[in-house]
Undergrad: 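Please see the structure below; I have some questions.
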Amino acid sequence: MSTTPDRRTASSSPFLLKLASLDGFTPLYGREAEQAVLLRMMNRLAVGHPGVTVIHGTPGSGRSRLLRRGMAFARAAGVQVLTALGTAPSSPAPYSFVRQLRPSRSPAGGAALAGEPSAEDSVPGWCRSLMATAHRPTLVALDDIQWADPESVQVIAGLLRRLASAPLGVLLTVTSAQGEFPDACAGLLDQVAASPDNRGLLLEPGPLGVPEFHAMCTASGLPVPPASDDAWWEGVSHLTGGSPWVMLRSMDKLRRDPALVSAVGLRSALSQEIEAANRDRATESAARLAAGPLALLRALVICRGLLPVERVAALVKLDEADVPFSIRTLRVEGLIGAGDPPRVRMTGCTAGLLAGLAGDERKRLHVQAARWAAHRDADEETLAGLLLNTVPLGDPWVPSLLRRTARTLLARGRHTEAVELLERALREPLNPAERAEVLLEAAESYTMTAPEAADRRIAELLSGAQARPHVRAAAADLLLSRCEPQAMLPVPYGACDAEPTELLGVEARNRPTDAPRPGPPTAPGAKPPARREPDSPVRSTVLAEQAWRQTARGHDAAAVREICREALRAPLDEALFPRFTACCALSVADAHDAARDALDVALAEAGRRHSPALVMWGRLLRAQLNLQAGAPDTAAHDLAACRSLAPAEVWDPTRLTLLRSLEIRLLVARERYAEANRLAHEELKPGAEESGAWTHLLYARAQLYLCQGRPRKALAEAEECGRRMAARGWANPGLVAWRSLAALAHLGCGGHDRAAELFAEESRLAGRWGTDSALAWTDLRRGLGSPAPQAARLTEQALRRLGSTPASRRFVQTVVAREAAGARCGARADTASKESGKQGGGTPMGP
């Protein structure tokens, strides 16, 4: 062969690329090799060398865009282009596909094509007419040839056999997957592969990668993250499956709806649009399927890969001989993958794939698939997901499997999914004792995500009489954990026999800590009910409540320690939440070691009971106890363990608020003020301000603002903390020493008289409570805000009270020193502001 055509090809390629770029098509990203092949084919065709190229791949891989680019190359090279597009009618008319091949300017043979004489309604006649149009270089571009009628496929096969006799090129697209082609045109593809003189080429565009998607998004003008954000771009590539069609469609939707991007952010908006595009593509592909492949696809969707394909086919009564054809059709359409059983791709599109399936038939398929899968010992988590869509089966294995799977999910922190499985288990026929256990497990899962739903399930559990004692004790734990360990739900007389509505009453939950508790209702003149025995299960709850009330009022720490020790002697098989409350009171009463030891025992028991709600509370309390004892590093470890139990977005407002307050205090102790400030301004869930944990958050904010030298903001937060504590009847400075903190803030704002009053009041209350830690914080803050002789005496006295543990003394002394430095900084700024105002003749402005 002469080398002249090759030199002409090389010299004209840049010119053809430029002309093709003016054809109105958007750039093709990641398809440089395929375009080079098409460009060479069109250059060779322009000088009379025939050829055929097949572009094959799954729907959405960009086959049609490459075909149009090849047509643009051909036109730029002066080649005549004839086109035909395949569609998916139910019964295509003979030769309907090739009838679309009309030249733009009819030569002598074109009139025959236009007239469509009956003599040409044969394969040889159509071949002669089409060859007559190739009096000059001609490209026949055929899109989606798998939908061509059989007669047209024979015509195209005849053209391929005659390529050597005319300057004719054939460029066609067809769906394929992993080397498999539709039966209708498999022979045609074999003919292309066997073309003489290497005239036949097969191109399969692969999935696009991260660089291509980054280039596409950047060119679209969307506010995409930089290419260095590997995780973001890998996520996009995974969602799209490397499909350029999916990505282009999603970007077009976002460009037309910029409000969506600003409302939910680019990541969420793009994910939503990609999922929608995948759903549409799967639905459109399924709509083109014949009855057999469609029935098999729906059964595969329902069975979730739990059954071999022969069983799946039997479910829908598909003839065994038709199974290979149906499987191949579904693979070629990109709806299923390889393997046995084949997995359905785009699993988030199952609703669209099952649309149109009758309800009774769907129920039958789900039930039979579940029972067959259970007999095969299928994967339990996948089978549980299948059971979510079945009617109640009445089989004893169903609730057992659902409960086991729910426990597994709960251990992974997937609370919402666990709840769905347990609710499905409750639809099965259960005996009363088993139903009570499932209700308890559902309430446990709900406690993490939907506390009100937990209340309803606990109420239903306690209203039954068949629950075993350990189940009722665990339900009482969950009930009490809906409140706060530092604001326990008052337990009415005879709590074990109380109605669920009484235990869950809003009045009881919202009653202030020091409010009098109503006694049990008695008829006029009736004798009061007999007192419970000392070993009654409710005794530990009553003792813990009594200890907390006395702690909150700040009376006699020594007596509180004795009450707590008595409460902690209760057996471990009782409710654990009163033990948490007793540990809180012990820590406030300076029995830190005893409190942590008792809390560790309770935490171990909560873990043995598989109760993440109690474990989370226990970890939060342990962090608070360690912070109270001056061990911030241990507290940080406890908070990290808390976060590992469940993502913060599923936490209820009380837990999340307490977590935020502890994190802010830890960051302040480590002088990481920027991070603490960000947390302090994060919006919390509705209901957070009504919780007792809000007082701790206010105190943490006040401490942060004071350390930053912003005493006025610190004063506002500290005084609000004091108002809320007074409303709850919490007077003990051992809980939250807000008065001395507010006094330092007053000193920073020039309010020396009010600071002295607050210092005196807190000293009196700390003395009445009688713990060294409460007195030490007060004396240390008071000393740093006092003149030199008094300051030295108070500081020495405070350090003596903090004991001999160097770490604890250093922690308290460092934090208070930063607070005092911030107050002094604020005082200097306030003085400078006033002086500036006097010199300028204006009114001084506060910060």
Side-chain angles (χ1 to χ4, degrees), residues 370 380-483 489 498-501 503-504 509 575-577 605-618 645-647 649-655:
E380 290 196 347
E381 191 169 330
T382 308
L383 178 53
L386 173 57
L387 287 169
L388 286 175
N389 300 303
T390 66
V391 296
L393 303 185
D395 297 342
W397 60 268
V398 174
S400 301
L401 181 141
L402 290 169
R403 292 175 66 187
R404 284 197 305 273
T405 308
R407 283 193 290 270
T408 302
L409 294 175
L410 200 60
R412 298 178 193 163
R414 295 160 63 181
H415 306 282
T416 303
E417 297 169 64
V419 161
E420 290 178 355
L421 297 182
L422 293 169
E423 290 289 350
R424 171 64 184 84
L426 289 170
R427 289 163 48 200
E428 293 289 322
L430 304 169
N431 63 56
E434 188 178 11
R435 183 173 181 81
E437 292 179 354
V438 179
L439 284 170
L440 174 64
E441 292 168 5
E444 177 72 59
S445 300
Y446 274 130
T447 300
M448 304 295 291
T449 57
E452 293 77 12
D455 286 350
R456 290 193 296 271
R457 287 309 186 191
I458 294 172
E460 184 179 349
L461 188 158
L462 294 176
S463 64
Q466 301 297 322
R468 297 185 179 94
H470 75 276
V471 174
R472 296 183 71 86
D477 265 333
L478 289 180
L479 178 62
L480 293 172
S481 73
R482 286 281 286 109
C483 308
L489 176 69
E499 289 296 320
T501 52
L503 285 173
L504 293 168
R509 179 164 299 157
L576 291 177
F577 204 77
E605 177 63 17
R608 190 188 66 79
R609 295 183 187 181
H610 305 290
S611 177
L614 289 179
V615 171
M616 181 177 288
W617 263 129
L645 291 172
E649 54 266 22
V650 306
W651 290 34
D652 66 81
T654 298
R655 289 181 178 90

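Sequential numbering from 1 along the given sequence is applied to the chain's residues.
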Undergrad: Could you pull out all residues at least two apart from Ala453 that satisfy side-chain contact (heavy atoms from CB on, under 4.5 Å)?
TA: Tyr446, Ala450, Arg456
Undergrad: Can you sort out the partners of Arg404 under salt bridge (charged side-chain N to carboxylate O under 4.0 Å, His left out), two or more places apart, ordered by chain and number?
TA: Glu380
Undergrad: For Ser400, which residues count as a side chain to side chain donor-acceptor pair (under 3.5 Å) partner, sequence neighbours excluded?
TA: none
Undergrad: Quick one: salt bridge (charged side-chain N to carboxylate O under 4.0 Å, His left out) partners of Glu417, sequence neighbours excluded?
TA: Arg414
Undergrad: Can you list the residues that meet the salt bridge (charged side-chain N to carboxylate O under 4.0 Å, His left out) rule with Glu423, with sequence neighbours excluded?
TA: Arg457
Undergrad: If I take atom OG1 from residue Thr405 and atom CG from residue Leu383, how far apart are they, to the nearest 0.5 angstrom?
TA: 7.5 Å
Undergrad: Can you tell if the side chain of Trp617 reaches within under 4.5 Å of the side chain of Leu576, non-hydrogen atoms only?
TA: no
Undergrad: Taking side-chain contact (heavy atoms from CB on, under 4.5 Å) as the test, write out the residues that go with Ala406, two or more places apart.
TA: Ala418, Leu421, Leu422
Undergrad: When rounded to the nearest 0.5 angstrom, what distance separates CD in Glu420 from CG in Leu409?
TA: 9.5 Å
Undergrad: Applying side-chain contact (heavy atoms from CB on, under 4.5 Å), can you list everything that pairs with Val398, at least two apart in sequence or on another chain?
TA: Leu387, Leu393, Asp395, Leu402, Arg424, Glu428
Undergrad: Any chance you could measure Glu441, atom CD, to Arg403, atom CZ, to the nearest 0.5 Å?
TA: 4.0 Å
Undergrad: Listed by chain and number, what are the side chain to side chain donor-acceptor pair (under 3.5 Å) partners of Arg427, not counting sequence neighbours?
TA: none
Undergrad: Holding to side chain to side chain donor-acceptor pair (under 3.5 Å), I want the full list of residues that pass it with Arg435, two or more places apart in sequence or in another chain.
TA: Glu460
Undergrad: Determine the minimum heavy-atom distance between Leu614 and Glu444, stating which atoms define it.
TA: N-OE2, 4.4 Å
Undergrad: How close do Ala475 and Leu461 get, counting heavy atoms only, and between which atoms?
TA: CB-CD2, 3.9 Å
Undergrad: In chain order, what residues pass the side chain to side chain donor-acceptor pair (under 3.5 Å) check against Ser445, with sequence neighbours excluded?
TA: none
